[in-house]
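Pasting a structure below so you can have a look.
Atoms within each ligand, like the ligands themselves, are counted from 1 in listed order.
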Amino acid sequence: MLPAAPGRAQSDAQGGARERPAPSGFPNGFLWGTATSAYQIEGAINEDGRGPSIWDRFSHTPGAIADGSNGDTATDHYRLYKEDIQLMKELGTKAYRFSIAWPRVFPDGTGAPNPKGLDFYKRLIDELSANGIEPFATLYHWDLPQAMQERVGGWTSRETPKAFADYAAYVAQQLGDRVQYFFTINECSRLVHLGHGLGGDAPGLKLPPSGLNQVRHHVALAHGLAVQAIRALGRSGTKVGPAENVVSCIPAIETPANIRAAEIATRELNAGYMTVMMEGKYTDAYLEKAGNDAPKFTPEDLRIISSPVDFVGLNVYTPDHYVVAADNARGFTLAPFPASFPHMKADWLRPGPEAIYWVPRHVAKLWNVKSIYITENGTSGSDKAAADGTIYDVDRIMYLRNYLTQLRRATSEGVPVAGYFLWSLMDNFEWSDGYEQRFGIYHVDFETKRRTPKLSASFYRETIARNAVV
Ligand code: PNW
């Protein structure tokens, strides 16, 4: 149980906010939520007819995961989901972003569906609804059915986007009465780059540029096909969009020239993902740079990829580049990061709270996007319990408070951000970092599966109650 916050009567704070909006306040109706993904929390990999995924295979490959672990049991959310929904409820969240495991629904990737696998998500969604929490379902958070990898070569083949569209259509048919908000693919960029270029994520491939560019095209195509499938088969009012980790470009100093340069950089550095999804073409610079390694595609592919979306989901963790305007062909310089730039527990996670201001602002401006959700934001921490048993994760609170201050700047200036999903509800299987990186606001003991709130859970509950940065 989350302890009561001392020194504040909830009704006072809310009443005060109604009369005189605090300068740190978010718009009325701003949607607060938490986020997770299937393989990172569910466990139960052999339950109810689930097929193996590329992450089962990869995590059981010696040397692939930092602590030699895997997601076989993870947080056991498959069994403990009702308890987890009570955690969401005690935070006061009104939305939850989770992912559906494709291999639970189609154990072989294609062919006969597995109703028992889908039933888990029906139970989960019904329990969410019973607790007043809106489900936001991601169709693909990296757990490709292993059968697709073996039969057709996974994302290297055009068969995979086709199979993904069929899976999306089936889910929309089956869950359309329960789910209004769908995300297609989580972070196309990471699954392409880390999974197929660097080999650090499943399926662990290190493709040459031509192969990698083709994978990138297939993933974008899968996004577009899924948008069309959900539109065709969801009930009316169903909304769909991507959940992308846009390469974040921050004006190093806030001048009109640097802001413009950061916009140009955003468009170019996301050419194979957000830019092609929003514009229906690859930029000239992207194709020129790829040269003979450019992906093979048809004009019809580009029309599919750029199927109109209802919103854009943005995962924002860190500034990828600080940008300075320059008199060169590209129009910008990317400042190198000094070795002294700080980072959170994860080396890659440099705190730069202004990223959560600039990314949605650039996306809204460049592509006239009218509705944005922050689909992930959060940090890992070392999270040691103090003598009194509490995890005083003031580093995570510092990170969140600063990011939310910048997010609030965005909403106050009219950037159309409608909601925020904190990553993550609870500690979970952090991919190739195994269980060594904890992102939760609830601590999970991976032996007993016991959940315990960290101090940041109280911070988040307070933020939600006041609809303001606290
Ligand atoms: C996201 N980066 O991954 C994923 O969507 C989650 O599944 C994951 O647990 C979470 O963030 C925390 O890592 C990212 O290097 C991994 O910028 C790395 C980066 C961004 C996102």
Side-chain angles (χ1 to χ4, degrees), residues 33-42 53-55 58-59 65-67 69-71 74-75 77 96-101 136-144 183-195 197-198 200-202 219 223 242-250 266 269-270 273-274 313-322 334 337 341 343-353 355-356 358-359 373-381 383 396 399-400 403 420-442 444 456:
T34 55
T36 63
S37 91
Y39 187 68
Q40 293 180 272
I41 62 167
E42 285 176 359
S53 84
I54 58 173
W55 266 98
F58 187 73
S59 65
I65 310 298
D67 56 3
S69 67
N70 54 60
T75 75
H77 171 77
Y96 174 52
R97 173 174 178 248
F98 61 97
S99 82
I100 297 170
F136 282 66
T138 306
L139 290 172
Y140 187 75
H141 204 122
W142 311 346
D143 43 1
L144 185 75
F183 298 106
T184 53
I185 298 177
N186 182 70
E187 296 192 0
C188 296
S189 59
R190 175 156 165 181
L191 89 92
V192 171
H193 190 63
L194 261 167
L198 299 175
D201 274 3
V219 170
H223 156 79
E244 192 54 31
N245 179 24
V246 165
V247 175
S248 60
C249 300
I250 319 300
T266 298
L269 299 182
N270 294 287
Y273 306 106
M274 211 50 145
L314 297 170
N315 294 358
V316 182
Y317 286 91
T318 190
D320 292 305
H321 300 289
Y322 285 96
L334 304 177
F337 277 90
F341 202 102
H343 64 82
M344 306 302 290
K345 172 119 176 22
D347 292 346
W348 59 268
L349 217 172
R350 300 175 172 123
I356 209 168
W358 286 105
V359 175
Y373 291 95
I374 300 300
T375 33
E376 291 180 21
N377 172 244
T379 186
S380 57
D383 296 345
R396 182 173 288 104
Y399 175 99
L400 293 171
Y403 275 71
Y420 171 92
F421 295 86
L422 193 153
W423 185 276
S424 182
L425 175 68
M426 57 188 158
D427 296 337
N428 56 51
F429 179 72
E430 177 57 14
W431 308 113
S432 58
D433 287 326
Y435 297 101
E436 287 178 357
Q437 295 286 345
R438 295 175 173 271
F439 276 80
I441 55 175
Y442 284 85
V444 176
S456 56

Between Ser59 and Tyr39, is any side-chain donor less than 3.5 angstrom from a side-chain acceptor? yes
Measuring from each atom of ligand 1, which residues have a heavy atom under 4.0 Å away? Gln40, His141, Trp142, Asn186, Glu187, Arg190, Asn245, Asn315, Tyr317, Thr318, Trp348, Glu376, Trp423, Glu430, Trp431, Phe439
Distance in Å, Asn377 CG paired with Thr318 OG1, rounded so as to fall on 0.5 Å steps: 10.5 Å
For Lys345, is there an ion pair with Asp383 - N to carboxylate O distance below 4.0 angstrom? no
Can you tell me how the ring of Trp431 sits relative to the ring of Trp55, calling it parallel under 30°, perpendicular over 60° and tilted otherwise? tilted
Measure centre to centre between the rings of Phe429 and Tyr435, then say whether the value is under 6.0 Å. yes
For Ser248, the option from Asn270, Thr266, Asp320, Asn315 that meets side-chain hydrogen bond (donor to acceptor under 3.5 Å, both in side chains): Asp320
